[in-house]
Amino acid sequence: MTSLAFLIALPLVIAMLLLVFRPRVVRSVIVIAAAVVIAVGSLSLLLPQPGFLSAPFQVPAEYLDWIVLGVELALAAFIFFLGIRHVRHLVSLLALLQAGLAVATEVLFGSRIEVATLIAADRFSLIMAGIVGIVGSLIAVYSLGYMKAYHEHHREYRDRQPLFFFLQFVFLGSMFGVFFANSLPLLLLFWEITTLCSFLLIGYNGTAESRGRAFLALTLNLLGGLAFAGAILFLASTAGTVELDKLISMEKGAALIPAALLAFAGMTKSAQMPFSSWLLGAMVAPTPVSALLHSSTMVKAGVYLVLRLAPLLRGTIPGTMVALVGGMTFLAASLIAISQSDAKRVLAWSTIANLGLIVLCGGIGTYEALWAGILLILFHAVTKALLFLCVGTFEQKTNTRDIESMSGLIMAMPKLSIMIQIGIAGMFLAPFGMLVSKWAVLKALVDSNPLLVIFVVFGSSATLFFWVKWMGKLLEVTKVRQADESGIAGRQWVALGALSAISIGLVGFYPLISAQLIEPYVRGIYGQVAMISQGNFIIMSIMLGMVALFPITFFVYQKNVRVVDAYLGGGNVDSSVLFQGAGGQVKSMEMRNYYLTRLFGERRLSLAGGIACAAFIFVMFGVAL
Amino acid sequence: MKAFAKSPWVLHYDASSCNGCDIEVVASLTPLYDVERLGVINTGNPKHADIFLVTGSVNAQNLMVLRNLYEQMPEPRVVAAVGICATSGCVFRECYNVMGGVDTVLPVDVYVPGCAARPESIIDGILQAVEILEKKHAYMKSMHGRMKEMTIGRATAVDAPEILALQKIVYQNEAEMYDDWSLAPLRQTLDDLRRDFETRVFIKAVVGGKIIGSVKGIMDGDTAHLSRLVVHPYFWKQGIGTRLVQEVEASFPKAKRFETFTGQKSRHTMEPYQRLGYLPIRQEKVSEHRDRVYFGRDREGA
Amino acid sequence: MSPLDTALLAIVVVVAAPIAGGLLAGIDRKLSARMQSRWGPPLLQPFYDVRKLFRKETIVVRRSQNFYVYFFFVFMVFTAALFFTGGDILLTIFALTLASIFLVLAAYKASSPYSFIGAERELILMMAYEPMVLLAAVGMYLVTRSFIVVDIARSPQLLALRLPGLFIGFVVVLVVKMRKSPFDLAASHHAHQEIVRGITTEFSGRTLALIEIAHWYETTVVLGMAALFFAALPWLAAVAAGCVFFLILLVDNVFARVKWQVALATAWITAAALGVGNILVVFFLR
Amino acid sequence: MNPREHQTIEEIPAAALLERVQKMRSEGWRLVHAACTRLVADQEVNYCFDRDGQSLDSPDSATLRGMHTLRVRLPMIDPELPSISSFYWPAFLYENEMHDLFGITVKGMAVDFHGHLYTTMVPTPYVTKEPDHGD
Amino acid sequence: MGTRTVIPFGPQHPVLPEPIHLDLVLEDEKVVEAIPKIGYVHRGFEKLVEKMDFNELVYVADRICGICAFIHSMAYCQGVEAVMSVEVPPRAEFLRTIWSELARLSSHLLWLGLMADAFGFESLFMQSFRIREKIVDMLEEMTGGRIILGVCRVGGVRRDVPNDALADIVRRVKDLGVEMHRLADVFLQDDSVKHRLVGVGVLIRDQAAELGCVGPMLRASGVSRDTRTLGYAAYGSVDFAPIVEKDGDSYARCAVRIRELFQSVDLVAQAASKIPGGEVGVKVSGYPEGEYHSRCEQPRGEVIHYVKGDGTRYLQRYRVRTPTFANIPALLRMLQGCELADVPVLVLTIDPCISCTER
């Protein structure tokens, strides 16, 4: 039991240490040590330790309620004054409202409510904790190298690395808190801390642009927080409880309103349409922030909550609406990703899309969907973190993150390029993780609501387009370039290598994870479980084996062939890329991927998707009320 | 097994024809003549083609195009000059912008007569080309098996005629490249070459009893000067040049430094040296279009 | 089936599928020629072509480009084996996609402008047909409650009767999949196209031969899928596959090549209207 | 029975060219073609125009046709002309051709190929006249 | 890295029967810039006047272009005849008219085939060529040449065709008209063909005139100009009106050419029915002195053969301005902003004959 509290507290302590010990070397030591401890700690929870999982953690409720409320009010006050100072009155208003709801809950119902289980962990929390523990600590290690180079490149930004690492660890601690808290007010507290961390990290560069984006994120997340607080108040007033496990086991009818409110909070947190704009804006933050907060962990808190509610949402109209929001977001975001050439924006849209898919699973809420949703979280967190860090590394080296400038990366930065390929393959290619999960989603939908299949099939086909063209860009070689991967710190390579290894390893080991963790959890709720048949797993293993041979081709060159120039209509000038152009000039051919902007333009599609999703959300509340 | 006879794929290029022959090439694909009966496909892509049908004569602008397209065809390949313009220039022979028939730049295997060449003649030309394809393939195969048996060793004056012949083939290419037909290796006489053997070391690469590559070298003080690296065009880009250079370097055990020179555009000659670490030293002009680039490197550990 | 039987069947498929596919390609060329008032090449012409290609010199633009084609080939063989031994149809579709992606990557790797545009267009086409193919599988599941090809094939119901929309939609995307006019944007069978030979521009000799053979496998697999709609009556399935093949051939010869926007719209609208409509009908009438 | 066209030639000084062409344009003449002729001591540049009837789509406009040529004489050495492509845009092709084949410097062409419209083996091949006729 | 795709289109390209080169700058598939390079076929035969006398030059004129070979030689001969004031016997003028129209049929059918090929309709290409082959057969029967006829000479034609043979030709051409109707239906009615042609490369009437277009390019934009109305050869004795379409897009150009097929069939029949008897050539003596712009209507539009003689055997200047040369500015205009897939269609829509153009 202590280990749960320990996992929450340790990062907070380390955060304090980092704020105190500011020299870089000391920081490195602390961060690396802390990363190891956190990773080991979060993994150790996964080892069978009979008994602890259900053991309640008894703290005198009166104290804790007030402590939680106190911290929450302090946060609200901080945000309130932030809003005042930067003339963002909406932010102040939202903070004020939320604080009001929290106070109202405590004052009106605080004395009547007994919290039986304050923090607890089941297998789902443990999976989430494992993801945060491992991915989070790898990203922290990576940040050490990245932030140093970042500030060398960007002299214009103030070097506030102690704050950066402080926030990162505060964030890690509160993520554990989100996953372990069973008491909803406590969960909301951690939830809001992550929001604040996200706000501060997005605004890290201190420019007007980043501040604007940070406030956008804050506003939308506070909106979710408000719904969350509303859910607590409602729950406290009608059911007399503020515990998550109690909510989930409640009758569907009564629980629908808080469930809808919580689902709404989850959707804002995981940037579903129409709230997706904040996640795009968050891409101004340094890349490790995008990797940690805005793709692999914090946004997962939202879908975590939605998946928690899955049993409540199953078969209800609000549930269907949640699923529709998820499905629509998946489809629209996947299509929009086609039109993006900024690597981080592609990743951001793809993140939104995948979160949508998970929300879709939560909204469906069947055992198959839940199983698929958890698998999606797992695979997506690892692979997307890898991709973000790779893009960050590329940007650090070249000062751009345009996919077009990745042309020929296989020659210029072979290691990095292969890692990106692994990440991309992991995102959509058979037999890698995300495809397996999508497959599971498809099967789950077919049994419950085939209408939703349309989102998945069209969305996945768009996914295929933008990932493959990116892969192609990495592979094509129009200019011979010398390999140069210097200047990337060893710690960065460690993180990248580990994430790549995990991405591949998961494909082989996910049946084990599924059998040990996901299936028992799902069975615990529904009494039945989905899985991939053994025959198919063997076939997929064969495929993986074959694909795994592929990287060999990056190093083996064909002998006994004649190398000739590429076909340029016969106009070649001693080269595969130069041709005799008009006006007597020798021109170089250029190749730019298709972005089909007119068809899949961001503005148009996000508007359409946003309107559709907003409509679904209105219907959700309308029906729930 | 006449593999080529059943599936000759053609590439058609209009060098500077009046269209007449081109129309007839197209017409031979269409219902009345339908060369696809014979497996012929007009690929439009040199990488897929076996037979290069060129119509019209050569001029300054399409010269490089013809070379590029030919270069991009896989062996075995056959060039067919279709029509009189492609053969000799026809009535345009005396125009200021006509260099002559296709054989001024490419090794033409088949000449198809006619102005314009009739579809029947074109089909006949394709069938003749097919025969040549078979022959070339047979030759290719016999050589292919023997590439592994390639031997590299010291050449003697007995080899002089064969080396001279090879040298002329290779430098013909160079001469065209620089438009300079005064190159010494082209004018060299057999006696002259024989005399070289008295002072210089010659290395030869032999496949199936035929010399396909050679290089020579001479000591001057501490430096060994290497020159005239020639490899038969058919065997280019297979590392033979590199092996020849290594071998000739080995025959100067006392040399501390190696030097050589090539023309500024002679990529095929430069490559083996550059691969072995030769760096350019200086460049000097020898004729209007031709520069000489000097390369050198120090022996490892020297 | 015992694993041994499956393995034996897989071997038979690996040998027989290209022969069938090659013959179909021969019939295709012969019939096309007849539709164009020509005599046409011999029936075995595709085999002659491949035999010749194996005798050609190997030329490349990038030394590693051919490996991608080898993977394309291997996965295509794998797909055929998976499908005809009665594996999971979704997995078959994924394997087919994986194989196609390798071909696209090969074209990217070759780094020539025309293969590049071919690759981009092929991706658009993949994006176009993918939804319909998946929907077809979903529809089959809704009727037979199984994604396993063997189970679908053994289902006593004539799928085409329950899934007419999906069948028609599938035939439409089959035109895309088999690179036939009006959707032969990425790599046309016919020589004259604005992007030369598209994806295959830079592949020659034995690599091109492998691409050709892989396409034969592909043809058999996709026709097999079409036949699955009639699997309840095996003789009808064979006739249906033949008719579909002939229909596609006919379509190939009576249409101009459309632009990518139309190709994408046709495939998606077909999928959305016929495919989804049919699925909804089946779902609610269940 | 072959009706021959009525074709008129008007010789003008080079300096008056632009003004004259502008007038032709305002009168609705169409530029048919432009070409040079190398004479013995100098060269002439012909700009040929024709004009249909009052209405372009009058089917019997043939009766009204006629060709009018503006002729400019230029010296053999360093011939120079202003471009008429501001009045007749397509004229740039003829003017580039004059430049490449006859060595005439044409100033202000709408599209200038900078001597790369044709790549010829002999630069400005028409500048020299072959002396012997071979008979 | 570029924000655009830059690819070379040609000089060798499967959709281009003749070499031209375009630097295509693309955004996705949209052409934002197309810069041409020509001159691959430039031979410089106009300068041959210095080496060949005016009679020998007919052979060169015959070989300017393989598609309109006959009309080129006819335009040249007419030019010399005008300079030398030679009166050509009427029978020769009628034969010239018949051959011109058959050449137009052959050329338009060729164009239709290549056009079908350009938009990826292979069977239509084959059918067009199948019909064209029959026209070529007729030409071969009458003149001995399939492509390059070599029957025109200064002062008339080299061969006569008996009247019964002409009647036979007329019958066969009329039979072909039936087949051409079926072809025309596909070109003008088929939806997929319309998708590729309608609205592609639109030139409104003023643009077409401004860009100096000639021939079907111009007539498809609503301008009724046809050089045949000048009445050269026997055109003054036959009845016809220029064929005009309004829309100015590729479809309208296709329609003009298709309608001209039937017009040509009719003109062949008219000419054959009105053909007078008599000689087919006169003896020409003396040398040309003077100058003349000879104009004829080729399948692609108005061609100008300018001949200037100074009283010797050798012409002083011979210059050919071909219709394609006049249509190239329009092509450049149309290529801006089209789709990559439209490039071959647009290149073909002007019915390019690069060989004539570059001479």
Side-chain angles (χ1 to χ4, degrees), chain A residues 338 408 429-431 435 439 442-443 445-446 449-451 453-454 456-458 460-462 464-465 468-469 471-478 533 535-536 539-540 542-543 546-547 549-550 552-554 556-569 576-577 589 591 593-594 596 599, chain C residues 57-68 71 74-75 78 82 87-88 90-91 94-95 97-98 101 104-105 107-117 119-120 123-124 126-132 134-135 138 141-142 147 196 201-202 261 264 268 271-272 275-276 279-280 282-283:
Chain A
I338 292 177
L429 210 58
L435 186 104
W439 183 14
L442 203 61
K443 286 192 169 177
L445 290 179
V446 175
N449 192 347
L451 174 70
V453 166
I454 189 168
V456 179
V457 295
F458 282 96
S460 334
S461 66
L464 178 123
F465 184 64
V468 180
K469 71 180 183 181
M471 268 181 135
K473 200 79 231 180
L474 299 170
L475 293 174
E476 75 171 35
V477 179
T478 49
S533 77
N536 279 345
I539 289 169
M540 297 207 343
I542 298 173
M543 281 168 82
M546 294 200 290
V547 175
L549 292 177
F550 189 69
I552 298 171
T553 62
F554 295 136
V556 181
Y557 290 105
Q558 218 173 349
K559 300 266 160 46
N560 292 326
V561 293
R562 184 159 65 97
V563 178
V564 300
D565 292 339
Y567 173 79
L568 297 178
S576 284
V577 291
M589 66 120 175
M591 302 193 291
N593 275 338
Y594 286 9
L596 314 184
L599 206 55
Chain C
E57 180 195 25
T58 312
I59 55 171
V60 294
V61 180
R62 305 285 163 200
R63 277 180 188 273
S64 51
Q65 71 182 43
N66 288 347
F67 288 110
Y68 295 77
F71 275 83
V74 167
F75 275 104
F78 179 79
L82 190 59
D88 189 308
L90 283 178
L91 204 51
F94 295 146
T97 309
L98 178 64
I101 285 172
V104 172
L105 290 180
Y108 273 112
K109 183 76 219 178
S111 311
S112 119
Y114 291 102
S115 71
F116 172 82
I117 293 177
E120 298 280 340
L123 281 179
I124 293 178
M126 281 171 77
M127 181 162 78
Y129 66 67
E130 200 69 8
M132 189 64 229
L134 283 174
L135 285 177
V138 167
Y141 176 86
L142 284 177
F147 278 121
V196 193
T201 304
E202 298 298 340
Q261 293 93 333
L264 186 63
W268 275 12
V276 176
I279 282 181
L280 288 183
V282 170
F283 183 67

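For the pair C:Ser112 and A:Tyr567, the tightest heavy-atom approach, listed with the atom from each and the gap, is OG-O, 4.1 Å. Nearest heavy atoms, C:Phe78 versus A:Met543: CE2-CG, 3.3 Å.
Note: C:Trp268 leads C:Phe147, C:Trp268, C:Phe75 in heavy-atom pairs under 4.5 Å with chain A. Of the residues considered (A:Leu445, A:Val468, A:Ile454, A:Leu474), A:Val468 shows the highest number of contacts with chain C, using heavy-atom pairs under 4.5 Å. Comparing A:Leu451, A:Leu442, A:Asn593 by how many heavy-atom pairs each has under 4.5 Å with chain C, the most go to A:Asn593.
With values rounded to the nearest 0.5 angstrom, A:Glu476 atom CD is found 9.0 Å from C:Ser115 atom OG.
Both the backbone and the side chain of A:Met471 come within less than 4.5 Å of a heavy atom in chain C. Neither the backbone nor the side chain of C:Ala107 has a heavy atom closer than 4.5 Å to any heavy atom of chain A. For C:Ile59, the parts lying under 4.5 angstrom from a heavy atom of chain A are both the backbone and the side chain. Both the backbone and the side chain of C:Ala272 come within less than 4.5 Å of a heavy atom in chain A. Of the two parts of C:Tyr129, neither the backbone nor the side chain holds a non-hydrogen atom closer than 4.5 Å to a non-hydrogen atom of chain A.
The side chain to side chain contact (heavy atoms under 4.5 Å, CB included) search around A:Ala462 returns A:Ser334, A:Leu335, A:Ile338, C:Met127, not counting sequence neighbours. Looking at residues two or more places apart in sequence or on another chain, you find a side chain to side chain contact (heavy atoms under 4.5 Å, CB included) between A:Leu435 and A:Ala430, C:Phe94.
The closest side-chain heavy-atom distance from A:Val477 to C:Lys109 is below 4.5 Å. Here the side chains of C:Leu123 and A:Tyr594 are not in contact, with every heavy-atom distance at 4.5 Å or above.
A donor-acceptor pair is defined here as one N or O able to donate and one able to accept, closer than 3.5 Å; no such pair exists between the side chain of C:Glu202 and the backbone of A:Ala566.
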